[in-house]
2 protein chains.
Amino acid sequence: MRIGELAARAGVSVRALRYYEEQHLLTPDRSPSGQRHYPEAAVEQVRVIQQLYAAGLSSRTIVALLPCVVDGLATPELLARLAAERDRIDAQIAELTATRDRLQSVIGGATDTLLTGRPCRTAN
Amino acid sequence: MRIGELAARAGVSVRALRYYEEQHLLTPDRSPSGQRHYPEAAVEQVRVIQQLYAAGLSSRTIVALLPCVVDGLATPELLARLAAERDRIDAQIAELTATRDRLQSVIGGATDTLLTGRPCRTAN
DNA sequence: CTAAAACCTCACGTCGACGTGAGGGGCAAG
DNA sequence: CTTGCCCCTCACGTCGACGTGAGGTTTTAG
């Protein structure tokens with residue numbers, strides 16, 4: 001399929017797909033006239049890329065991990081990086097959870113304040 | 001305390017503290033000569049700010065929520081924004097968890113491949 | 001008193017994942 | 001043939017949270 005269709009189906013912009021190619025995250029075939037052509041599998045692959053971006057990975061990191069994540073191709077070195085990223089994400093989840101709980105406690109305490117008219121110390 | 005000590009104790013750069021003031025996240029007193037002076041409570045407050053930044057909130061959002069989070073001062077409108085951010089964070093945690101699990105399954109499957117010598121379909 | 005350390009205010013630089021024209025080619029329908 | 005849509009390649013713009021000097025003042029230690 002061509003770039004416009006892939007963009008629509010994967011939910012990203014055409015510009016983003018060209019950018020991914022620039023970063024060596026995708027390597028579509030080219031028609032004689034220079035137009036990009038992608039296989040079906042590209043749709044899922046783009047979604048994976050987006051997911052990794054959303055998890056805070058950089059293009060450089062993703063390009064290193066993609067052969068492993070997409071093709072299941074593994075070396076001990078890649079596995080180590082993969083595990084490192086997993087740990088980073090775990091830490092990030094922990095922090096986000098703490099933040100979420102803090103906001104929630106503020107909401108709870110403040111709602112209480114609104115209802116009772118007197119402030120209620122939050123459990124920090 | 002002065003800006004250097006606050007920076008050290010809160011674990012941020014001096015530049016960052018000046019930036020926070022520019023964004024109206026902190027409003028230190030000034031000595032006659034123009035130097036900033038912060039109360040003890042600023043240490044914790046900076047940590048909160050950092051935590052909110054880390055959760056993906058912008059300066060604009062944080063400045064809106066700070067009176068609520070720090071002083072417990074609440075209006076229905078602020079509570080709504082607070083709840084909206086909490087929901088955003090919940091969604092983010094869910095996505096990160098999915099990503100984490102995907103990486104973990106790749107690690108598991110790949111380790112298996114390394115050990116057995118034959119690829120093992122990951123549970124996607 | 002003096003020198004180092006810490007502070008001040010501009011104000012431009014950075015980095016990454018794209019957005020946004022500018023200017024031009026390719027191809028199916030009427 | 002030409003209208004219109006999709007595609008191409010530069011290449012500069014953006015945004016946010018600071019980094020990094022430049023050039024000058026204030027505070028502190030000896």
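Every chain is numbered from 1 and lettered A, B, ... according to where its sequence line falls, protein lines coming before strand lines. Hydrogens, waters and symmetry mates play no part in the numbers below; they use all other heavy atoms, side chains included.
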Applying a 4.0 Å non-hydrogen cut-off, can you work out what R60(A) is touching in the nucleic acid: base, sugar-phosphate, or nothing?
nothing
Tell me what R18(A) touches on the nucleic acid: a base, only sugar-phosphate, or nothing, going by heavy atoms under 4.0 Å.
base
Choosing from [options], which nucleotide comes nearest the side chain of [X]?
X: S13(B); options: dC18(C), dG19(D), dC8(C); value: dG19(D)
X: I3(B); options: dC7(C), dG25(C), dA17(D); value: dC7(C)
X: S33(A); options: dC27(C), dC18(D), dC8(C); value: dC27(C)
X: R2(B); options: dC7(C), dC8(D), dT9(C); value: dC7(C)
X: R36(A); options: dA17(D), dC18(C), dC8(D); value: dC8(D)

Taking [atom1] from [X] and [atom2] from [N], how many angstroms apart are they, rounded to a whole number?
X: I49(B); N: dA17(D); atom1: CD1; atom2: P; answer: 12 Å
X: M1(B); N: dA6(C); atom1: CE; atom2: C1'; answer: 16 Å
X: L57(B); N: dC18(D); atom1: CG; atom2: C1'; answer: 17 Å
X: E22(A); N: dT9(D); atom1: CD; atom2: P; answer: 10 Å
X: Y20(B); N: dG16(D); atom1: OH; atom2: P; answer: 15 Å
X: Y19(B); N: dG19(D); atom1: OH; atom2: C1'; answer: 13 Å
X: H37(B); N: dA6(C); atom1: NE2; atom2: P; answer: 15 Å
X: L6(A); N: dC7(D); atom1: CG; atom2: P; answer: 10 Å

Report yes or no: do S13(B) and Y19(B) form a side-chain donor-acceptor pair below 3.5 Å?
no
Return yes if a side-chain donor-acceptor contact under 3.5 Å exists between S59(A) and Y53(A), otherwise no.
yes
When you match Q50(A) and G4(B) each to their closest nucleotide on DNA chain C, which lands nearer the 5' end?
G4(B)
Between C68(B) and L82(B), what is the shortest heavy-atom contact and its length?
SG-CD2, 3.6 Å
For [X] and [N], is the shortest distance between a side-chain N/O and OP1 or OP2 below 4.0 Å?
X: Y53(B); N: dG16(D); value: no
X: S31(A); N: dG26(C); value: no
X: R15(A); N: dA17(C); value: no
X: S58(A); N: dA17(C); value: no

Would you say R88(B)'s side chain and A55(B)'s backbone share a donor-acceptor pair under 3.5 angstrom?
yes
What residue among E85(A), R86(A), Q51(A), Q92(A) forms side chain to side chain donor-acceptor pair (under 3.5 Å) with T99(B)?
Q51(A)
